[in-house]
Amino acid sequence: MSGQAEVTLFRPGGFRAKLLVAMMLVVSAITALVLYVAERGLAREVEQDLQRQFRRELATLRDAQVLRQAALVERSRALVRKSRLHAALEDGALDLLYPSARDELRDIMGDRAVAGSDPRPDALHARFYRFLDRTGGLIPAGASPDSGLLRPAEEAQLVLPSVPNQQQIGCLPRQDEQGREELDEVIAMPIFSTENGEVIAALVLGFTPAPVDPAPAGGAIQRGVWREGQLHLPGLAQPERAALRTRITAAIATSDPTGGNFMEVIGAAPHQVYYHRLNPGSLYPPAYEVGVYPLDGLVTQQRKLRWRIIGAGALLLLGGLGFSHILAGRLSKPVEKLAVDSVANRVQRERVEAALETVGEELQRAARFSADASHQLKTPLAVLRAGLEELQARADLPNEVNHEVAALMHQTYRLSSVIDDLLLLSRMDAGQLKLN
């Protein structure tokens, strides 16, 4: 069988297969690494874009809230300058305080408050008003419906440890006639005496907070208020609200008490949650505005990017595998040719070794024949020489015969030398004799 017939150019254990597998592994590893880095980078960019969008929307909401609160404070500050209120408080005529306030605060209360209906969300109308005395206690409103309806438990939450000398902001949880949860924004403005400039009372106004969208869509921020461990966020179901309340309470207790943000899974979807202190430094209990921003857009964009990257990676991997196959074929050709030549050389070497082995065996047989012949010829030669020596020793031989016998003796010596040479050659062939 020829050398080329004994070689398989492409087999699972062959050089080309091993080279192809190695190149495929390298290409696959590089492709996987590139895909991972690209996916992480794109996901990070998408997340950063969404975070920037979230911050822009949050900044817009905060700016609107600051402007609204500034308008409320300015309007409340104008109300506490009313002369009839000062006259009733400074003269101690508290029975005339609320009747006087009814006329002075008519523009901010409006007929809708008297009728018990809510004002327009975008209007700066108060839902109720109350007065605090010098000790921070509540001055009863009596049976006057113009001051807004409040339950005794709700009025008790308006009381302060002492009358404030600057504005105080708080939140008052309430329930409407149907028992639904509501939350009013409370502003307490100090009333200073016109005689000595001391604080003689405080006017407490309750406003409807900024409107909250209970079912945000399109990535809008859903807003609520956290107060004294309770989360007022009507857009969330009760289990989700309880879990978020626990998380916010822990975040306020362990991190920055002025505000912060974190990621939270709500309803099996990721959300960005922020909380911000509404009344820093207020005598009322701390209240935090809570915003919940859905990250469905982030998840959708990341999923689309992931599939795009996977598709591009699959194409890149297929192209790399095809290129690896072609490159492996080109790189393996010299090795395959070397393998073919090696097999051919091996066959020729085996033939030469077989011929040398045959020649060696013939030489060994010749050496054995020479040794055997040398040993066999020595004995008759010795007998022949002894007979010729006895014949030559006789005195009665003629000179001609004596010369013939001497010539025969000379030939026996030559024949002995030839036998010694044959024995010497046989010893050399057998390796028993080494010549320098």
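Just so you know, these numbers come straight off a predicted model, no measurement behind them.
Side-chain rings of Tyr274 and Phe262 stay apart, their centers remaining 6.0 Å or farther from each other.
For Arg81, the salt bridge (charged side-chain N to carboxylate O under 4.0 Å, His left out) test picks out no residue, with sequence neighbours left out. Every residue meeting the side chain to side chain donor-acceptor pair (under 3.5 Å) condition with Thr258, not counting sequence neighbours, appears here in chain and number order: Asp256. Judged as a salt bridge (charged side-chain N to carboxylate O under 4.0 Å, His left out), and not counting sequence neighbours, Glu350 has no contacts. In this structure Glu74 satisfies the side-chain contact (heavy atoms from CB on, under 4.5 Å) test together with Arg77, sequence neighbours excluded. Residues passing the side chain to side chain donor-acceptor pair (under 3.5 Å) test with Tyr275, sequence neighbours excluded: Ser255. Taking the side chain to side chain donor-acceptor pair (under 3.5 Å) definition, one finds that Asp184 meets it with Arg127, Arg174, sequence neighbours left out. Taking Asp133 as the reference, Thr135 meet the side chain to side chain donor-acceptor pair (under 3.5 Å) condition, with sequence neighbours excluded. Residues passing the side-chain contact (heavy atoms from CB on, under 4.5 Å) test with Pro286 are Arg277, Tyr288, sequence neighbours excluded.
At least one donor-acceptor pair closer than 3.5 Å links the side chain of Glu154 to the backbone N or O of Arg151. Side chain of Arg241 to backbone of Leu236: a donor-acceptor contact under 3.5 angstrom is found.
Between Leu172 and Tyr284 the shortest side-chain heavy-atom distance does not fall below 4.5 Å. Side-chain atoms of Leu89 and Leu94, non-hydrogen and from C-beta on, do get closer than 4.5 Å to each other. Side-chain contact between Pro164 and Val199 is absent, with no heavy atoms from C-beta onward closer than 4.5 Å. Considering only heavy atoms from C-beta on, Leu205 stays 4.5 Å or farther from Val186 through its side chain. Looking at Val225 and Val290, their side chains never come closer than 4.5 Å, going by heavy atoms from C-beta outward. The closest side-chain heavy-atom distance from Phe131 to Leu97 is below 4.5 Å. In this structure, Leu203 and Leu132 have side chains that are not in contact, with every pair of non-hydrogen atoms separated by 4.5 Å or more. The side-chain heavy atoms of Arg130 and Tyr98, taken from C-beta on, include a pair separated by under 4.5 Å.
Considering every non-hydrogen atom in both Ile169 and Ser282, the closest pair reads O-OG, 2.7 Å. In terms of heavy-atom proximity, Gly229 sits nearest to Thr249 at CA-OG1, 4.3 Å.
Taking CG of Leu96 as the start and CG of Leu85 as the end, the distance is 11.5 Å to the nearest 0.5 Å. Rounding to the nearest 0.5 angstrom, the gap separating the NZ atom in Lys82 from the OG atom in Ser100 is 12.5 Å. In this structure, CZ in Arg134 is found 10.0 Å from CD1 in Ile139, a value given to the nearest 0.5 Å. Remark: Phe128 CZ to Phe207 CZ distance equals 9.0 Å, nearest 0.5 Å. Atoms CD and CG, from Gln157 and Leu138 in turn, are 12.0 Å apart once rounded to the nearest 0.5 Å. Interatomic distance, Ile187 CD1 to Gln167 CD, rounded to the nearest 0.5 Å: 7.0 Å.
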> How far apart are the C-alpha atoms of Gln222 and Leu233, what are their side-chain angles, what is the distance that settles it, and do they pass the side chain to side chain contact (heavy atoms under 4.5 Å, CB included) test?
Replying inline: CA-CA 8 Å; Gln222 186 178 8; Leu233 210 162; 3.4 Å; yes
> When you look at Ile252 and Trp226, which way does the side chain to side chain contact (heavy atoms under 4.5 Å, CB included) test go after all the steps?
Replying inline: CA-CA 10 Å; Ile252 293 174; Trp226 180 95; 3.7 Å; yes
>> For a side chain to side chain contact (heavy atoms under 4.5 Å, CB included) check, start with the C-alpha distance between Val273 and Asn261, then their side-chain angles and the critical distance, and finish with the verdict.
In response: CA-CA 5 Å; Val273 180; Asn261 63 86; over 6 Å; no
>> One pair to check against side chain to side chain contact (heavy atoms under 4.5 Å, CB included): Leu244 and Glu240. What are the steps and the verdict?
In response: CA-CA 6 Å; Leu244 184 58; Glu240 298 171 351; over 6 Å; no
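Side-chain contact, Asn279 with Gln168: no donor N or O sits under 3.5 Å from an acceptor N or O.
Within the structure, salt bridge (Lys or Arg N to Asp or Glu O under 4.0 Å) pairs that include any residue of residues 224-239 do not occur (at least two apart or interchain). Counting only residues at least two apart or in different chains, salt bridge (Lys or Arg N to Asp or Glu O under 4.0 Å) contacts with residues 257-273 comprise Arg247-Glu264. For residues 314-323, no pair satisfies salt bridge (Lys or Arg N to Asp or Glu O under 4.0 Å), with sequence neighbours left out.
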Which atom pairs, one a donor and one an acceptor, fall under 3.5 Å between side chains of residues 188-196 and the rest of the protein, sequence neighbours left out?
| residue | atom | partner | partner atom | Å |
| --- | --- | --- | --- | --- |
| Ser193 | OG | Glu90 | OE2 | 3.2 |
| Ser193 | OG | Glu195 | N | 3.1 |
| Ser193 | OG | Asn196 | OD1 | 3.3 |
| Thr194 | OG1 | Glu90 | OE1 | 3.3 |
| Thr194 | OG1 | Glu90 | OE2 | 2.9 |
| Asn196 | OD1 | Glu198 | N | 3.0 |

